[in-house]
Amino acid sequence: YFPDLSGRISYQIETPYANVKIGKKSDGASAFWVPKNWFSLYEKKLTEGTTFTNDHYENQAFVALVSEKFKTTFFKDKSPIGKKFTYNKKEFTIIGVLKKGEYEFGNMIFVPDTTVFERILHKDVIDSFEILLTPDADNKLRQNRISYLLLKKFFLISSNSFPTSWKKTRYQFCVIN
C-alpha cells in the first residue's frame, strides 16, 4: 500500500518492570522486545559489543543488549559482554551495551522479538507500533489512509482517539526530521 514507508514502520513490546538477577545481586529493569530494524530506524549506537544478528532472530536466541545504566548497576566499570542474567525466570547472555540515549530511563534490556514470540509468549502479539514519517505535506493523507486500512482490517485503535484501557493494539505516527 505504501512502498515509500518500507522500513519506516517499527514496534517494540514492553514487559512490566521486573527483577534482574546476576549472582547474588538483583535490581529492577524494563525489557523491550524489538524487531530487526529497530536499532537502525531509531539510530541506536553501542558503546561496546554487537547488535543482534540475523542468526539471533532466526534461532530465537536468549541474548540481550543492555543500557549503560544496567551496566553500571550490575558491573560497575567491568565489561558485561558474555555475562548472563536472569529476567522473568529466563536466562539471557549480554552481547552489547547501548549508548545512553535521550529517552533512556533506568535499567533497560533489549531482546530479539522472535525470541519472545516463539519461545516465551508462543504467539505473535504486539502492543503498539510506530510509523516514522518525514516532514512533508503528504503526511496527513498517509495518516488517514493508514488509519482507515488498520481500522477496516484489524479494528486497531489510534492512541489519539480511543481509551487505551480497551486493550487493543495502539499505533501512532511520528514525524522525524
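Note: hydrogens, waters and symmetry copies are ignored here, and every other heavy atom, side chains too, is used.
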I need the [X] [atom1] to [Y] [atom2] distance, nearest 0.5 Å.
X     : Y      : atom1 : atom2 : value
Leu98 : Thr47  : CG    : OG1   : 8.0 Å
Ser30 : Phe110 : OG    : CZ    : 9.0 Å
Glu68 : Glu48  : CD    : CD    : 9.0 Å

Inset, instruction - State which residues pass side-chain hydrogen bond (donor to acceptor under 3.5 Å, both in side chains) with Thr73; sequence neighbours excluded, sorted by chain then number. - result: Asn107
Inset, instruction - Go through the structure and list residues passing side-chain hydrogen bond (donor to acceptor under 3.5 Å, both in side chains) with Asp77, not counting sequence neighbours. - result: none
Inset, instruction - Could you walk me through whether Thr114 and Lys36 pass the side-chain contact (heavy atoms from CB on, under 4.5 Å) test, one step at a time? - result: CA-CA 9 Å; Thr114 55; Lys36 288 180 186 179; over 6 Å; no
Inset, instruction - Taking the side chain as every heavy atom from C-beta outward, state whether Phe74 and Val66 have any pair of such atoms under 4.5 Å apart. - result: no
Legend entry - Heavy-atom closest pair, residues Ile109 and Ala64: CG2-CB, 3.8 Å
Legend entry - Residue pair Ser67 / Gly106: nearest heavy atoms and the distance that separates them: OG-O, 3.3 Å
Inset, instruction - Name all pairs fulfilling the salt bridge (charged side-chain N to carboxylate O under 4.0 Å, His left out) condition that reach into residues 24-34, sequence neighbours left out, sorted by first residue then second. - result: none
Inset, instruction - Quick one: which residue pairs count as a side chain to side chain donor-acceptor pair (under 3.5 Å) with a foot in residues 55-64, not counting sequence neighbours? - result: Thr53-His56
Inset, instruction - Under the side chain to side chain contact (heavy atoms under 4.5 Å, CB included) rule, collect the residues that match up with Thr72, sequence neighbours excluded. - result: Lys69
Result block: side-chain N/O donor-acceptor pairs under 3.5 angstrom for residues 80-92, not counting sequence neighbours:
residue : atom : partner : partner atom : Å
Lys84   : NZ   : Thr93   : OG1          : 2.8
Tyr87   : OH   : Thr15   : OG1          : 2.9
Tyr87   : OH   : Pro16   : O            : 3.0

Inset, instruction - Could you please spell out the steps behind the side-chain contact (heavy atoms from CB on, under 4.5 Å) verdict for Thr115 and Trp33? - result: CA-CA 8 Å; Thr115 303; Trp33 321 118; over 6 Å; no
Legend entry - Centroid-centroid under 6.0 Å between Phe32 and Trp38 rings: no
Legend entry - Same apolar cluster (I L V M F W Y, side chains within < 4.5 Å links), Phe52/Leu46: yes
